[in-house]
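Sequential numbering from 1 along the given sequence is applied to the chain's residues.
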Amino acid sequence: MALGTSEPVAAGSVPALSGRRWLQLLIGVVCMSMIANLQYGWTLFVNPIHDKFHWTKAEIQVAFTIFVLTETWLVPIEGYLVDRFGPRPVTLIGGLLVGISWVMNASADTLTMLYVAAAIGGTGAGAVYGTCVGNALKWFPDRRGFAAGLTAMGFGAGSALTVIPIATMIKSQGYEATFLNFGIFQGAVVFVLSLLLSSPPKGFAAATPTQRAQWASQRDYTPGQMVLTPVFWVMYLMFVMMAAGGLMATAQLAPIAKDFKIADVPVSLIGLTLPALTFALSIDRVLNGVTRPFFGWVSDKIGRENTMGLAFCIEGLGIIALARYGQDPVAFVILTGLVFFAWGEIYSLFPATCGDTYGSRFAAANAGLLYTAKGTASLLVPLTSVLAARGGWSTVFYTAAVLNLVAAALALAVLKPMRRRMLGR
């Protein structure tokens, strides 16, 4: 029997497993929150690294691209290992790699070392991410959108709890000590929690009533079979288009605020007063996390593609508004929050749609293969610095907005009818 798996589910035992699956979901959320800062906290380190070594920001952001590439493009392999051996060993190794990468960042004095650390961190984060999302899809075939969204929320909102502590420690102790302390802590938490992860019993998905069953596949596709279907490539293209804009905002938010000369301007909202950049980062992380289970839940009710069309349009319009009004510190905080709220749901909608379309048995590997679209999108992040240098940030914003609006149209006009025809057959 594979590691981390259970005996076949017995008749009538599904209700008894309800508490167990919610525990698995909670563990996944916490593990995801521990790896979130590798991506969402990165922007806080860019300027301090630049100030110390005087490397160009484009050179430093290559590390971010390497992280995202290894975090995403290796997930299909890690997902296969999860499907084969269970979630426990893959997550355990991922926790170790996450800690090692930040410890290396603390002492990296060359770009090469920074890039190697990014690759190690990306590999570890991808192992944890792919495992937790895949496990949620397997444990919750009846609520895939909500479960995948809640799990992904840990990755989106988890960093909100540590944005202010990280920013404070960077200012008081330096970015090196911040990398070291947070790296050890995050890696240790993932390592310990990985020992509690397990896969659902065999036959669990088949024994669980599935909502919107008319649009859920009754067949389990292998990754090789999945990539031969046109539906997969339409989803992949849409994922790339949506991820590109969000990754740009994630990696470049601090440089954008600095160029707008509002990074340290105090902003007072909801009874709090913080510098605009710190305020934006905190709110963005919360909204980027909350949106994932919210839109996942909505998609369980009104359908995946309808939810995509709605959210992607909000994202596109939010980016346009940010381009026009973002130099006002209050508008910057509010509009970046809107942008992140309408972007983060891609990490619940696409895995849920993938699970619905291609089944539960190979859910980790299949969702991981689709997740490589985020890595493809990351290749565009260094180009944003070039575009900004030549045409200003407005050029970057409007390009991202167009991609979002086109993706919304594809969801409703192309993906929806294609997927219906495929599942109808």
Asker: For the pair Phe312 and Phe350, name the ring-plane relationship: parallel under 30°, tilted 30 to 60°, perpendicular over 60°.
Answerer: parallel
Asker: Do the non-hydrogen side-chain atoms of Leu277 and Asp264 ever get within less than 4.5 Å of each other?
Answerer: no
Asker: Spell out, as yes or no, whether a donor-acceptor pair under 3.5 Å connects the side chain of Asp220 to the backbone of Gly359.
Answerer: no
Asker: If you look only at pairs with a residue in residues 271-281, which of them pass as a side chain to side chain donor-acceptor pair (under 3.5 Å), with sequence neighbours excluded?
Answerer: Ser268-Thr273
Asker: Centre-to-centre under 6.0 Å for Phe341 and Phe295, is that the case here?
Answerer: yes
Asker: Are Phe279 and Phe332 close enough that their ring centers fall under 6.0 Å?
Answerer: no
Asker: Can you tell me if Gln24 and Lys138 form a side-chain donor-acceptor pair at under 3.5 Å?
Answerer: no
Asker: Do Thr222 and Tyr358 pair up side chain to side chain, a donor and an acceptor below 3.5 Å, judged on atom types alone?
Answerer: no
Asker: Restricting to non-hydrogen atoms, name the atom on Thr151 and the atom on Val133 that form the minimum distance, rounded to 0.1 Å.
Answerer: CG2-N, 4.0 Å
Asker: Any donor-acceptor pair under 3.5 Å linking the side chain of Thr178 with the backbone of Gly174?
Answerer: yes
Asker: Using every non-hydrogen atom in the two residues, find where Pro48 and Ile170 come nearest and quote the distance to one decimal.
Answerer: CG-CG2, 3.9 Å
Asker: If I take atom CG from residue Asp109 and atom CD from residue Glu176, how far apart are they, to the nearest 0.5 angstrom?
Answerer: 10.5 Å
Asker: With a 3.5 Å distance limit and no angle check, can you tell me whether Asp284 reaches the backbone of Gly337 through a side-chain donor-acceptor pair?
Answerer: yes
Asker: Passes salt bridge (Lys or Arg N to Asp or Glu O under 4.0 Å), Arg21 versus Asp142? Steps please.
Answerer: CA-CA 12 Å; Arg21 70 174 185 166; Asp142 54 330; 3.0 Å; yes
Asker: Does a donor on one side chain sit under 3.5 Å from an acceptor on the other, for Ser299 and Arg304?
Answerer: yes
Asker: Just by distance, no angles: are the side chains of Tyr115 and Thr110 close enough, under 3.5 Å, to form a donor-acceptor pair?
Answerer: no
Asker: Under the criterion side-chain contact (heavy atoms from CB on, under 4.5 Å), I'd like the reasoning laid out for Ile100 against Met104: C-alpha separation, chi angles, the key distance, then a yes or no.
Answerer: CA-CA 6 Å; Ile100 290 170; Met104 289 181 63; 4.1 Å; yes
Asker: Given 3.5 Å as the limit, does a donor-acceptor pair link the side chain of Asp300 with the main chain of Gly145, or not?
Answerer: yes
Asker: For residues Phe140 and Leu25, determine if any side-chain heavy atom of one lies less than 4.5 Å from a side-chain heavy atom of the other.
Answerer: yes
Asker: I'd like to know whether Val103 forms a side-chain contact (heavy atoms from CB on, under 4.5 Å) with Ile184, so could you lay out the CA-CA distance, the side-chain angles of the two residues, the decisive distance to 0.1 Å, and finally the verdict.
Answerer: CA-CA 7 Å; Val103 171; Ile184 293 173; 4.0 Å; yes
Asker: Can you find a heavy atom in the side chain of Trp22 that is under 4.5 Å from one in the side chain of Leu26?
Answerer: no
Asker: Taking all atoms of both residues into account, what is the closest heavy-atom pair of Thr72 and Thr372, and its distance?
Answerer: O-CG2, 3.2 Å
Asker: Determine whether a donor-acceptor pair (N or O, by modelled atom type, separation under 3.5 Å) exists between the side chain of Ser172 and the backbone of Thr168.
Answerer: yes
Asker: To the closest 0.5 Å, what do you measure between CZ (Arg88) and OG1 (Thr131)?
Answerer: 12.0 Å
Asker: Kindly indicate whether the side chain of Met308, heavy atoms from C-beta on, has any atom under 4.5 Å from the side chain of Leu415.
Answerer: yes
Asker: With rounding to the nearest 0.5 angstrom, report the CE to OG1 distance, Met422 to Thr357.
Answerer: 6.0 Å
Asker: What's the shortest heavy-atom distance between Ala407 and Met238, and which atoms?
Answerer: O-CE, 3.8 Å
Asker: I'd like to check Met169 versus Phe182 (side-chain heavy atoms, cut-off strictly below 4.5 Å). Are they in contact?
Answerer: yes
Asker: Are the side chains of Pro76 and Pro223 in contact, using a 4.5 Å heavy-atom criterion?
Answerer: no
Asker: How long is the span from the CG atom in Asp51 to the OH atom in Tyr175, to the nearest 0.5 Å?
Answerer: 10.0 Å
Asker: Run the numbers on Tyr221 and Arg361 for side-chain contact (heavy atoms from CB on, under 4.5 Å), then give the verdict.
Answerer: CA-CA 8 Å; Tyr221 288 75; Arg361 183 179 177 185; over 6 Å; no
Asker: If we only count heavy atoms from C-beta on, is the Arg324 to Tyr398 side-chain gap below 4.5 Å?
Answerer: yes
Asker: Just checking, is any N or O donor in the side chain of Ser348 or Glu345 under 3.5 Å from an acceptor N or O on the other one?
Answerer: no
Asker: Looking at every non-hydrogen atom in both residues, tell me the closest pair between Pro417 and Leu412 and how far apart they are.
Answerer: CD-O, 3.6 Å
Asker: Would you say NZ of Lys52 has more than 12 non-hydrogen atoms from neighbouring residues, nucleotides or ligands within 6.0 angstrom?
Answerer: yes
Asker: Considering only heavy atoms from C-beta outward, does the side chain of Met241 approach that of Leu410 to under 4.5 Å?
Answerer: yes
Asker: As a quick check of understanding, evaluate side-chain contact (heavy atoms from CB on, under 4.5 Å) for Leu379 and Leu69, giving each step before the final call.
Answerer: CA-CA 8 Å; Leu379 295 173; Leu69 288 175; 3.8 Å; yes
Asker: Give the intermediate values and the outcome of salt bridge (Lys or Arg N to Asp or Glu O under 4.0 Å) for residues Asp356 and Arg144.
Answerer: CA-CA 8 Å; Asp356 287 348; Arg144 282 196 178 104; 3.1 Å; yes
Asker: Counting only heavy atoms not in Phe45, do more than 12 sit closer than 6.0 Å to its CZ atom?
Answerer: yes
Asker: Using 30° and 60° as the class limits, which term best fits the ring planes of His50 and His54: parallel, tilted or perpendicular?
Answerer: perpendicular
Asker: Would the Trp102 and Phe179 ring centres measure less than 6.0 Å apart?
Answerer: yes
Asker: I need the Lys171 NZ to Leu44 CG distance, nearest 0.5 Å.
Answerer: 9.5 Å
Asker: Where does the angle between the aromatic ring planes of Trp343 and Tyr347 fall among parallel (under 30°), tilted (30 to 60°) and perpendicular (over 60°)?
Answerer: perpendicular
Asker: Is there a donor-acceptor pair closer than 3.5 Å between any side-chain N or O of Asn366 and the backbone N or O of Met226?
Answerer: no
Asker: For a quick test of reading the model, state the closest non-hydrogen atom pair linking Pro351 to Ala148 and the distance between them.
Answerer: CB-CB, 4.4 Å
Asker: Measuring from Leu228:CG to Trp233:CH2, what's the distance to the nearest 0.5 Å?
Answerer: 9.5 Å
Asker: Using the six-membered ring wherever Trp is involved, compare the ring planes of Phe53 and Trp55 and label them parallel, tilted or perpendicular (cut-offs 30° and 60°).
Answerer: parallel
